There are 2 protein chains.
Amino acid sequence: MDSLVDADLTALLRERGYRVTRPRRAVWEALSAAEDHLTVEQVCARIRDAGHDVDTASVYRTLDLLEELGLARSSRLGDSDASRWEVAHPDEHFHLVCTSCGRVDHHIGSLVAQVRDHLDAGHGFAVDEVELTVTGRCSECR
Amino acid sequence: MDSLVDADLTALLRERGYRVTRPRRAVWEALSAAEDHLTVEQVCARIRDAGHDVDTASVYRTLDLLEELGLARSSRLGDSDASRWEVAHPDEHFHLVCTSCGRVDHHIGSLVAQVRDHLDAGHGFAVDEVELTVTGRCSECR
DNA sequence: TTGATTGCAAATGCTTTGCAGCCGC
DNA sequence: GCGGCTGCAAAGCATTTGCAATCAA
């Protein structure tokens with residue numbers, strides 16, 4: 001699996017004139033393998049667990065780069081003050097944050113697209129990004 | 001105007017067993033008078049402009065209190081890392097952030113309610129808060 | 001070789017906290 | 001007067017930055 005993931009990253013980096021380095025591969029692998037959203041600290045931890053060691057500053061720099069490349073996406077979820085990162089999925093989705101168990105679910109649907117269409121069509125606002133976060137209690141905690 | 005605004009705050013504070021102090025009134029007045037969203041630093045500045053002087057820490061504490069009372073609302077808008085505060089309007093709205101001029105518009109509509117209904121009805125998720133932020137370019141900047 | 005990239009450490013900026021003194025009740 | 005609140009200063013975190021050393025190309 002890593003090979004495919006790696007191929008994507010490598011190709012994109014080269015294409016844009018960036019170098020393919022170990023920190024960059026490590027961050028990307030940690031992020032791709034993650035089920036949930038990761039803080040920078042968690043990304044570092046997973047890289048360490050995988051036997052590598054990458055400086056926190058480099059992780060920040062790499063995540064910013066991945067975002068610029070369209071491969072990663074950051075959001076501020078819940079009440080924590082640390083940004084959380086995930087792989088940028090092509091489909092638009094939003095987040096359901098449970099205030100009780102802390103779980104973050106993805107919810108894929110037409111809602112985000114509806115917002116986009118609504119604004120594009122009638123309000124002269126050129127939508128770039130739609131960020132929708134819903135907090136509450138999930139089905140298991142309610 | 002201030003008198004009405006003040007009356008609301010005073011009554012609510014007393015009711016909940018909190019004291020009515022000058023910093024609390026000053027923060028509330030600054031926030032109520034503001035058209036747009038204010039950072040903590042901006043709240044301090046406006047209070048100073050009004051001839052008072054309040055410590056930043058107290059402003060933070062007061063804003064947290066106002067949020068708990070349901071009078072104020074905070075959000076992280078755009079790319080800035082400082083929270084921005086506004087009076088908690090009873091109607092649900094979302095924010096349109098222009099990445100070019102930085103302006104933040106309120107947009108009132110049924111969209112937020114739609115999201116809420118959608119989730120409440122079919123997904124077993126007890127919605128507490130819906131936060132919707134749209135970034136892009138406003139009609140004047142596009 | 002060459003310059004982009006990293007690691008390290010220091011700096012920055014927002015926010016929180018401990019505590020002594022003050023002031024609303 | 002009592003105890004909640006404030007102001008002050010220091011601490012806490014997440015994030016950024018300067019710079020010399022490193023390493024991909």
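Each chain gets a letter, A, B and so on, in the order the sequences are listed, and its residues count up from 1. Since the model is a prediction, treat every value here as computed from it, not as a measurement.
Closest contact between the side chain of A/Thr21 and the listed nucleotides C/dT5, C/dT17, C/dG7 involves C/dT5.
For the pair B/Arg16 CZ and D/dG4 C1', the computed distance is 17 Å after rounding to whole Å. The distance from atom CG of A/Asp81 to atom P of C/dT17 is 11 Å, rounded to the nearest whole Å. If you measure from atom CG of A/Asp55 to atom C1' of D/dA14, you get 14 Å, rounded to the nearest angstrom. If you take OH of B/Tyr18 and P of D/dT6, they are 12 Å apart, rounded to a whole angstrom. Summarising the geometry, the separation between CZ on B/Arg76 and C1' on C/dG13 is reported as 12 Å, rounded to the nearest angstrom. Between the CZ atom of B/Arg14 and the P atom of D/dC5 there is a distance of 13 Å, rounded to whole Å.
Contacts between residues 38-47 of chain B and DNA chain C, defined by a heavy-atom separation under 4.0 Å, are absent. Within residues 60-71 of chain A, the residues approaching DNA chain D are A/Tyr60, A/Arg61, by heavy-atom distance under 4.0 Å.
The pair B/Arg24-B/Glu29 does not meet the salt-bridge criterion, since no charged nitrogen lies less than 4.0 angstrom from a carboxylate oxygen. With respect to the salt-bridge test (charged N to carboxylate O, under 4.0 angstrom), the residues A/Glu129 and A/Arg73 qualify.
Taking the ring centroids of A/His106 and A/His93, they lie under the 6.0 Å cut-off.
The salt bridge (charged side-chain N to carboxylate O under 4.0 Å, His left out) search around B/Asp117 returns none, not counting sequence neighbours.
Here B/Arg137 contributes atom CZ and B/Ser100 contributes atom OG; the two are 4.5 Å apart, rounded to the nearest 0.5 Å.
Considering only side-chain N and O atoms, A/Ser83 lies under 4.0 angstrom from the phosphate OP1 or OP2 of D/dT15. A close approach under 4.0 Å does occur between a side-chain nitrogen or oxygen of A/Arg24 and OP1 or OP2 of C/dT6.
Mapping B/Arg22 and B/Ala57 onto DNA chain C by nearest heavy atom places B/Ala57 closer to the 5' end of the strand.
Nearest heavy-atom pair across A/Phe125 and B/Leu96 is CE1-CB, 3.8 Å.
With hydrogens and angles left out, the side-chain atoms of A/His37 and A/Gln42 include no donor and acceptor closer than 3.5 Å.
Residue A/Thr56 is out of contact with every strand shown, counting any heavy-atom pair closer than 4.0 Å. At a threshold of 4.0 angstrom between heavy atoms, the contacts of A/Ala82 are confined to the sugar-phosphate backbone, with no base atom among them.
Relative orientation of the B/His107 and B/Phe94 rings is tilted, given thresholds of 30° and 60° on the angle between their planes.
No donor-acceptor pair under 3.5 Å is formed between the side chain of B/Ser110 and the backbone N or O of B/Ala113.
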